[in-house]
**Q** 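First, the structure itself, so that you have it in front of you.
Every heavy atom of this structure was used, including side-chain atoms; hydrogens, water molecules and symmetry mates were not. Numbers restart at 1 for each chain; the letters A, B, ... are given by sequence-line order, proteins then strands.
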Amino acid sequence: MNEQLQYNLKEMEITTFQKDLVQWFIREQRDLPWRKDSDPYKVWVSEIMLQQTRVDTVIPYYERFLKKFPTLETFAEADDESVLKIWEGLGYYSRVRNLHSAVKEVVTQYDGKVPNTLKEISMLKGVGPYTAGAILSIAYGVPAPAVDGNVMRVLSRILLIYEDIAKPSTRKIFEDAVREIIDCDHPSYFNQALMELGALICTPTSPSCLLCPVREHCLAFSAGVEKDLPVKTRKKSTKHVDLLAAVLKTDNGKFIIRKRPSKGLLANLWEFPTVEDGNFIQMRTSLLKYLDQEINVKAQLETGAFVKVDHVFSHLTWTINVFAGSISGEINLERNYLLVTKKELEEYAFPVSHQTIWKAYKEKFQL
DNA sequence: TACTCGTGGCG
DNA sequence: TCGCCAAGAGT
């Protein structure tokens, strides 16, 4: 921590700041489903879902998740397919794979009780510095920092911190600052209040300083530089990838789907057979290779794509040209491929891009 | 450290 | 329209 920050912390009226912030939170906090109780399991689930994901998006997923898996034990016993299916469309799918693995570990290693020490909880898969602090403070009342993007934005303004919040090492500076100012009598309220303030008042662009309960404590507001903070360097632009996909229907009305690899992008999700950056011939050749070549397979693809799907990820963009085809004869599929009916298909978890493909197919061919 | 890993909303 | 973003973690 540099000298200037130490000085700013020293000059701060910490007790008054804590009171103003916490009282505001108690008064103005949103009514959110994960705030109904402080069950460590529920807090944990909500914090994982909220990683890099908007509150409005999370709410229906959280409700469905807790209805299907109301306790840590019920989730621990769930099969991998149903776990992925309930996360379908939420993104960052390794989150739920890690959560499932960690919950099973809690059952076997901690007698079903979520650990309440920083050391133990941090060892769980998918629980990093932020989530560890969030669970400890919200579920157990431990005065640990929970520094997310909101907290860095809010505190960069209040304490006039110009460090680049895009750099991973910067988070430690804010954790040190939180340790200095956290309300040890109300760590749950305090941490949530910082985040709530960031979400409702101290927003990235055009913060509502006139409504802010702690503007008297805010150095950026005093200096009129709140819009210059936080400092955040932008990352490089995304790459573009062209794909061909095929919705293939057999003569007995089933569809070919395949499971993606267990690591990397969209791991373990299902999709329609896809080839990268190829042409029509490559697609046909690829499909014949994926199917059993010794079987009499007739892939009668249409002459053109019936839909083009553009999908934007955080770090890359897909353009998928999608063909429809029919296949007759006995079909012998490789590992990771599956023949399913329309109804069965919709029981598997697909990424949004391939949900879009399926929806377009059903409309086009009147399913 | 820098990059990977999703999605939908917004100015 | 499009880059930026939103309660990050793993590698």
Side-chain angles (χ1 to χ4, degrees), chain A residues 25 29-30 32-35 43-62 84 87-99 101-102 121-135 137-139 145-154 164-172 174-175 178 188 190-200 202-206 230 232-241 260-269 271 309-318 349-356:
Chain A
F25 178 73
Q29 63 168 299
R30 290 167 291 178
L32 300 173
W34 45 88
R35 288 178 175 165
V43 172
W44 187 4
V45 170
S46 71
E47 291 301 338
I48 298 299
M49 286 188 172
L50 285 162
Q51 289 172 4
Q52 299 291 288
T53 311
R54 305 182 113 79
V55 165
D56 290 342
T57 303
V58 167
I59 290 173
Y61 280 90
Y62 178 83
L84 202 51
W87 209 266
E88 181 185 51
L90 195 53
Y92 286 147
Y93 299 95
S94 65
R95 289 184 294 176
V96 74
R97 189 174 64 252
N98 288 335
L99 177 63
S101 168
I121 206 169
S122 298
M123 290 174 62
L124 298 171
K125 286 183 183 175
V127 178
Y130 163 75
T131 305
I135 297 173
S137 60
I138 297 172
V147 174
D148 70 336
N150 283 311
V151 173
M152 288 197 283
R153 181 174 61 258
V154 169
D164 180 5
I165 68 166
K167 294 175 61 178
S169 59
T170 301
R171 196 197 64 252
K172 291 190 174 73
F174 288 92
E175 286 178 344
V178 170
S188 172
F190 184 88
N191 281 341
Q192 291 188 76
L194 280 181
M195 293 187 275
E196 194 78 343
L197 191 65
L200 300 180
C202 197
T203 50
T205 58
S206 63
K232 186 178 186 181
T233 57
R234 67 174 185 280
K235 39 195 167 186
K236 66 171 186 177
S237 57
T238 61
K239 293 180 180 177
H240 190 111
V241 176
R260 292 179 59 86
S262 58
K263 290 186 176 183
L265 184 66
L266 304 169
N268 291 335
L269 273 73
E271 65 182 3
V309 174
D310 290 301
H311 192 80
V312 180
F313 297 94
S314 344
H315 59 297
L316 68 96
T317 302
W318 276 356
F350 286 77
V352 168
S353 53
H354 284 252
Q355 291 179 49
T356 303

**Q** Could you give the distance separating B/dC5 and C/dA6 at their P atoms, to the nearest angstrom?
**A**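 23 Å, rounded to whole Å.
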**Q** Just wondering, do A/T356 and A/H311 contact through their side chains at under 4.5 Å, heavy atoms?
**A**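 The answer is no, as the side chains (C-beta and beyond) never meet within the 4.5 Å cut-off.
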**Q** With under 30° as parallel and over 60° as perpendicular, where do the rings of A/H315 and A/F313 fit, or are they tilted in between?
**A**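 Ring orientation of A/H315 relative to A/F313: tilted.
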**Q** Is the backbone of A/G126 close enough, under 3.5 Å, to the side chain of A/R95 for a donor and an acceptor to pair up by distance?
**A**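 Not confirmed, A/R95 side chain does not pair with A/G126 backbone.
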**Q** How long is the line joining CZ of A/R97 and C1' of B/dT4, in whole Å?
**A**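 Answer to the nearest Å: 12 Å.
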**Q** Rounded to whole angstrom units, what separation is found between the CG atom of A/L50 and the C1' atom of C/dC5?
**A**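 After rounding, the gap between these two atoms is 15 Å.
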**Q** What's the gap between C/dC4 and B/dT4 when it is taken at their P atoms, as a whole Å value?
**A**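 About 16 Å, rounded to a whole number of Å.
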**Q** Just by modelled atom types, is the A/Q51 backbone N or O under 3.5 Å from a matching donor or acceptor in the A/T53 side chain?
**A**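 Confirmed, A/T53 side chain pairs with A/Q51 backbone.
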**Q** Counting distance only, does the side-chain N/O of A/R153 pair as donor-acceptor with the main-chain N or O of A/G198 below 3.5 Å?
**A**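 It does hold such a pair.
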**Q** Between B/dG9 and A/T57, is there an OP1 or OP2 to side-chain N/O distance shorter than 4.0 Å?
**A**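 Answer is no, no contact under 4.0 Å.
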**Q** Rounded to the Å, how far apart are A/N191 CG and C/dG8 P?
**A**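 Rounded to the whole Å, the gap is 14 Å.
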**Q** Would you indicate which nucleotide in C/dA6, B/dA2, B/dG6 comes nearest to any side-chain atom of A/R95?
**A**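 Output: B/dG6.
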**Q** Indicate yes or no for a side-chain donor-acceptor contact from A/Y93 to the backbone of A/L265 under 3.5 Å, with no hydrogens or angles considered.
**A**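 No: the side chain of A/Y93 does not pair with the backbone of A/L265.
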**Q** Between A/M195 and A/T238, which residue's closest nucleotide on DNA chain C lies nearer the 5′ terminus?
**A**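 Looking at the nearest nucleotide for each, A/T238 comes out on the 5' side.
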**Q** Distance criterion of 3.5 Å, no angle test: do you see the side chain of A/T205 paired donor-to-acceptor with the base of B/dG11?
**A**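 By the distance-only test, no, there is no pair.
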**Q** I need the CG-P distance between A/L316 and B/dG6, as an integer number of Å.
**A**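 That distance rounds to 10 Å.
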**Q** Side-chain N or O of A/H311 versus OP1/OP2 of B/dG6: is the shortest distance under 4.0 Å?
**A**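 For B/dG6, OP1/OP2 do not have a side-chain N/O of A/H311 under 4.0 Å.
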**Q** Is there a side-chain contact between A/W34 and A/V58, using heavy atoms and a 4.5 Å cut-off?
**A**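 Result yes, sub-4.5 Å side-chain heavy-atom pair found.
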**Q** Would you mind classifying the nucleic acid contact of A/R260 as base, sugar-phosphate or nothing, using non-hydrogen atoms under 4.0 angstrom?
**A**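 Counting heavy atoms under 4.0 Å across all strands, no contact is made by A/R260.
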**Q** Compare side-chain N and O positions of A/H315 against OP1 and OP2 of B/dT4 and report whether any pair is under 4.0 Å apart.
**A**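 So the side-chain polar atoms of A/H315 never come under 4.0 Å of the phosphate oxygens OP1 or OP2 of B/dT4.
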**Q** Answer with base, sugar-phosphate or nothing: what part of the nucleic acid does A/S46 contact at a heavy-atom distance below 4.0 Å?
**A**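 Nothing, no heavy atom under 4.0 Å.
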**Q** So A/G89, base contact, sugar-phosphate only, or nothing? Heavy-atom distance under 4.0 Å.
**A**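 Sugar-phosphate, backbone atoms only, no base.
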**Q** From the list B/dT1, B/dG6, B/dT7, which nucleotide is the closest neighbour of the side chain of A/L265?
**A**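 Shortest atom-to-atom distance from the side chain points to B/dG6.
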**Q** Can you tell me how far the NE2 atom of A/H354 sits from the CG atom of A/L269, to the nearest 0.5 Å?
**A**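 Output value for this atom pair is 9.5 Å.
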**Q** Can you measure A/Y93 atom OH to B/dC5 atom C1' for me and round it to whole angstrom units?
**A**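 Rounded to whole Å, this separation is 11 Å.
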**Q** In whole Å, measure the gap between the C1' atoms of C/dC5 and B/dG6 for me.
**A**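 Nearest-Å result for C/dC5 against B/dG6 at atom C1': 13 Å.
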**Q** Across the strands shown, which category fits A/W34 at heavy-atom distances under 4.0 angstrom: base, sugar-phosphate, nothing?
**A**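 Base, at least one base atom sits under 4.0 Å.
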**Q** Given B/dG8, B/dT1, C/dA6, identify the nucleotide with an atom nearest to the side chain of A/S169.
**A**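 Ranking B/dG8, B/dT1, C/dA6 by closest atom to the A/S169 side chain puts B/dT1 first.
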**Q** In this structure, how many angstroms lie between the P atom of B/dG9 and the CZ atom of A/R54, rounded?
**A**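 It is 9 Å, rounded to the nearest whole Å.
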**Q** How many Å lie between OH on A/Y92 and C1' on B/dG8, as a whole number?
**A**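 To the nearest whole Å, that distance equals 12 Å.
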**Q** Output one line per pair: protein atom, nucleotide atom from nucleotides 9-11 of chain C, and distance, for all N/O pairs under 3.5 Å.
**A**
{"from": "C/dA9", "atom 1": "OP1", "to": "A/G128", "atom 2": "N", "distance (Å)": "3.0"}
{"from": "C/dA9", "atom 1": "OP1", "to": "A/G128", "atom 2": "O", "distance (Å)": "3.4"}
{"from": "C/dA9", "atom 1": "OP1", "to": "A/T131", "atom 2": "N", "distance (Å)": "2.9"}
{"from": "C/dA9", "atom 1": "OP1", "to": "A/T131", "atom 2": "OG1", "distance (Å)": "2.7"}
{"from": "C/dA9", "atom 1": "OP2", "to": "A/Y130", "atom 2": "N", "distance (Å)": "3.3"}
{"from": "C/dG10", "atom 1": "OP1", "to": "A/G126", "atom 2": "N", "distance (Å)": "2.5"}

**Q** Which whole-number value in Å describes the distance from A/L32 CG to C/dA6 P?
**A**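 One finds 17 Å between P of C/dA6 and CG of A/L32, rounded.
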